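Worksheet: the structure to be examined is printed underneath.
What's counted below: heavy atoms across the whole structure, side chains too, no hydrogens, waters or symmetry copies. Every value quoted in this text rests on a predicted model; they were computed, and no experiment measured them. Just so it is clear: chains get the letters A, B, ... in the order the sequence lines come, proteins before strands, and each one is counted from 1.
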Amino acid sequence: MESGLISVDRWKRGSEAYFLTHMHSDNTRGLCSKWSNGPLFCSPTTASLFPSRFPAFDLSLIRVVTLSSWISLSLRTPASGDAFTFHFMAIDAHHCPGSVMFLFRGDFGCFLYTGDFRWDSECDDAKATLADAINHFPVDVLYLDNTYCNPIYNFPSRHLIAPLVADIIASHPSHDIIIGVDSLGKEELLVRISRILNTKIWVWPERLHTMHLLGFKDIFTTDTTLTRVRAVPRQSFSIQTLVELNTMCPTIGIMPSGLPWVKRTYGGDANLSGSLITASYNARKNTNGPRKKNLQTVHKFHDYMYSVQYSDHSCFEEIGDFIKLVQPKSMKGIVASSSCYVDPLYYFGRICGTSQPPELLLMRPQQRRGNKAIPSC
DNA sequence: GCGATCAGCT
DNA sequence: CACAGCTGATCGC
């Protein structure tokens with residue numbers, strides 16, 4: 001296979017086909033309304049978000065992919081002009097609405113590009129689809145979302161979190177509530193809170209439009225008089241914001257995040273600074289048994305602010321479960337931004353056999369994001 | 001003016 | 001210190 005013939009979440013010219021795993025800004029960096037480098041394959045839900053995200057985008061470039069089915073694609077290699085045929089399948093990645101991983105197979109072998117994914121207890125459909133697909137076609141190379149590929153990152157399945165958030169809200173019956181969210185993702189958390197508490201949830205106008213595109217009806221509103229629970233853009237969510245809100249109306253904030261500690265503190269109070277990561281790490285080091293779950297799943301770190309461990313990325317344990325299922329011959333992390341980045345082979349290399357020695361990377365890579373192009377194969 | 005890149009913030 | 005995702009400044013064409 002010619003180098004760069006297809007690209008995943010990478011948009012520079014030179015490829016014959018482009019694949020988008022999901023509509024987050026890291027993955028669409030380089031895409032714009034005028035982009036026209038080739039056909040773009042994505043899930044139906046991701047396709048539905050294009051007109052609002054890229055208003056003048058040439059929709060005729062989009063190839064909507066049915067999930068869980070093998071699809072054949074013939075491309076012409078620019079150098080030789082020869083036809084080149086391979087097969088691919090999109091599998092639900094359970095990261096955000098429309099997110100998929102792509103499984104490719106052809107003369108080059110079989111490889112799986114996960115994009116961002118969450119492999120928690122509600123992914124049985126994807127687990128069955130993937131297990132069946134790779135049963136016939138073993139994976140040679142796994143390109144893995146290794147965001148939390150470190151045993152210090154451990155958090156519960158997402159469905160366990162909504163009742164905890166609902167408890168926080170119910171225990172503040174006369175408070176307004178704000179929950180920090182991004183432009184896409186964490187919808188199921190909000191829906192579950194809405195059901196448990198039988199309340200609508202306020203979102204900002206653009207987010208309501210997205211909710212309607214995603215098929216959510218009646219749960220979300222832009223009318224502040226209908227609910228005391230509001231989902232707000234994460235970048236507008238801070239203790240400073242909450243302090244100001246509390247001068248007008250008692251308000252608490254709830255921040256869902258995979259990270260259990262606090263990066264910044266308010267008013268210089270060092271006691272608020274997050275030492276949880278150390279506590280979690282020591283708990284792991286000091287016991288040879290299974291890690292304790294739910295360690296600080298809910299953390300109140302300020303009078304007005306709670307954090308809950310809710311992530312759309314897999315935790316360490318789930319990454320291990322995923323690799324054990326896939327049994328790849330080799331693998332490579334696709335996230336290289338963290339200074340505590342660890343090559344997945346360091347922890348899970350033995351599952352791949354001994355063909356690749358584990359490598360512990362201690363240096364921050366110069367590039368902020370990993371190169372997500374599929375290399376030559 | 002536009003896109004790409006980077007610094008900064010939560 | 002640390003993540004992911006967004007905003008806004010800056011640079012180069």
Could you give the [atom1]-to-[atom2] distance, from [X] to [N], as a whole number of Å?
X: A:His24; N: C:dC3; atom1: NE2; atom2: P; value: 18 Å
X: A:Asp182; N: B:dC9; atom1: CG; atom2: P; value: 19 Å
X: A:Asp116; N: C:dC3; atom1: CG; atom2: P; value: 14 Å
X: A:His302; N: B:dT10; atom1: NE2; atom2: P; value: 14 Å
X: A:Met255; N: B:dC9; atom1: CE; atom2: P; value: 17 Å
X: A:Arg13; N: B:dG3; atom1: CZ; atom2: P; value: 13 Å
X: A:Phe237; N: C:dG5; atom1: CZ; atom2: P; value: 17 Å
X: A:Tyr148; N: C:dA4; atom1: OH; atom2: P; value: 6 Å

(request) Choose from C:dG5, B:dT10, B:dG3 the nucleotide whose nearest atom is closest to any side-chain atom of A:Lys34. (result) B:dG3
So, OP1 or OP2 of [N]: does either fall under 4.0 Å of a side-chain N or O from [X]?
X: A:Gln235; N: B:dT10; result: no
X: A:Ser25; N: C:dC6; result: yes
X: A:Thr147; N: C:dA4; result: yes

Lys/Arg-Asp/Glu bridge criterion (N-O < 4.0 Å) met for [X], [Y]:
X: A:Glu188; Y: A:Arg195; value: no
X: A:Asp145; Y: A:Arg118; value: no
X: A:Arg76; Y: A:Glu16; value: no

(request) With heavy atoms under 4.0 Å as the rule, sort A:Ser183 into base, sugar-phosphate or nothing. (result) sugar-phosphate
(message) Any non-hydrogen side-chain atom of A:Ser52 less than 4.5 Å from a side-chain atom of A:Leu213?
(response) yes
(message) Can you tell me whether the side chain of A:Arg29 and the base of B:dA4 have a donor-acceptor pair closer than 3.5 Å?
(response) no
(message) Quiz question: by atom type and distance under 3.5 Å, do the side chains of A:His87 and A:Ser72 form a donor-acceptor pair?
(response) yes
